[in-house]
Amino acid sequence: MKKVVEVLANREQLIDRSLEIVLSKISEAIAERGLCTIAAAGGSTPEPLYRAIAAQDLPWDKIHVFWGDERYVPLEHPDSNQKMARLAWLDRVNIPASNIHPMPTGAGDPAADAEAHQTELQQFFKVSEGEFPAFDIILLGIGDDAHTASLFPGTAALEVRDALVTVGNKDGQPRITFTVPLINRARCVMFMVAGASKQPALAQIFAPAADEMTYPARLVQPEGELWWLLDAAAGEAVK
Ligand SMILES: O=C1O[C@H](COP(=O)(O)O)[C@@H](O)[C@H](O)[C@H]1O
């Protein structure tokens, strides 16, 4: 695994740098495999990146967009990760609808929706049961509690090793999330972290030893590249 940690002066530079990396991974993937698979993160940090991606002239028919996690709410809900990415990015570009692969949240049964999305991934990537496909880029953030995707401290989702997608649990509320082994198969995982509130979590994530069930982002150790892009406030934690 190639691991790179960069501390950028401010959020603007964090977005510029993340855009640079995403664009280079998109062109690399398309040159090598003819298409690029990206899993988007939710939360507030990546929104300006999505707006910046939308302003690019890209071969949208060769780009497939997924999500690393989703809140268990309908698309119209303000908390929907899909809604945020659609408003900032996907609704602004000429991407075919069939290239957008949201996590379903409408079955009234999170386990059934997680299973359905796993089946979609297996069919899209043409992998069999038990195999884990390699995303070109997985974008991630962390919470103040060191969660990433919807892998929350002390929850059962952290221990799932035999599925691509599972049900996360945020304070009793279900979410849909990529599992640790799926994230770790990626060719490139890029964390974007901004703000002083993330310092305590980052200090534990970067500590030589700490409990992975308590600090879930420590479990992210991809086969490919691992990028940590931090703004100056967050970056105080890793000095
Ligand atoms: O709940 C979530 O939070 C994290 C971090 O969000 P941010 O607002 O601090 O950027 C995010 O990565 C995750 O996808 C999301 O569902």
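Atoms within each ligand, like the ligands themselves, are counted from 1 in listed order.
Proximity of Glu225 to Lys25: side-chain heavy atoms (C-beta onward) are separated by under 4.5 Å at one or more points. Looking only at side-chain heavy atoms (C-beta outward), Lys62 and Cys36 stay at 4.5 Å or farther from each other. In this structure the side chain of Trp89 never reaches within 4.5 angstrom of the side chain of Arg51, judged on heavy atoms.
Those atoms of ligand 1 that come under 4.0 Å of a heavy atom in Arg175, given as number and element, are 1 (O), 2 (C), 15 (C), 16 (O). The contact set between ligand 1 and Thr45, taken as ligand atoms under 4.0 Å from a residue heavy atom, comprises 7 (P), 9 (O), 10 (O). Residue Gly43 approaches ligand 1 through these ligand atoms, each under 4.0 Å from one of its heavy atoms: 6 (O), 7 (P), 8 (O), 10 (O), 15 (C).
Here the CG atom belonging to Asn99 is positioned 7.5 Å from the CZ atom belonging to Phe124, to the nearest 0.5 angstrom.
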Check your understanding: Would Arg33 and Asp136 satisfy salt bridge (Lys or Arg N to Asp or Glu O under 4.0 Å), going step by step from the backbone distance to the final call?
Key -> CA-CA 10 Å; Arg33 290 174 292 283; Asp136 292 307; 2.6 Å; yes
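Among protein heavy atoms, atom 11 (C) of ligand 1 sits closest to Gly42 O, 3.6 Å. With respect to atom 8 (O) of ligand 1, the closest heavy atom belonging to the protein is Ser44 N, 2.8 Å. Looking only at heavy atoms of the protein, atom 3 (O) of ligand 1 is closest to His147 NE2, 3.3 Å. Closest to atom 9 (O) of ligand 1, if we only count protein heavy atoms, is Lys198 NZ, 2.6 Å.
Classified by interplanar angle (parallel below 30°, tilted 30° to 60°, perpendicular above 60°), the ring pair Phe135/Phe178 is tilted.
Taking all heavy atoms of Asp69, Ile176, Asp79 into account, the minimum distance to atom 16 (O) of ligand 1 is reached by Asp69.
At least one heavy atom of Arg71 sits under 4.0 Å from some atom of ligand 1. Distances from ligand 1 to the non-hydrogen atoms of Glu70 include no value under 4.0 Å.
In the displayed structure, Glu223 atom CD is contacted under 6.0 Å by more than 12 heavy atoms of other residues, nucleotides or ligands.
For the residue pair Asp113 and Tyr72, a side-chain donor N or O sits within less than 3.5 Å of a side-chain acceptor on the partner.
For the pair Ala41 and ligand 1, the shortest N or O to N or O distance does not fall below 3.5 Å. Among the atoms of Gly141, some N or O lies under 3.5 angstrom from an N or O of ligand 1.
When heavy-atom distances to ligand 1 are checked against a 4.0 Å cut-off, Ile142 comes that close only through its backbone atoms N, CA, C and O.
A salt bridge is defined here as a Lys NZ or Arg NE, NH1 or NH2 lying under 4.0 Å from an Asp or Glu carboxylate O, and Glu6 with Arg17 meets this definition.
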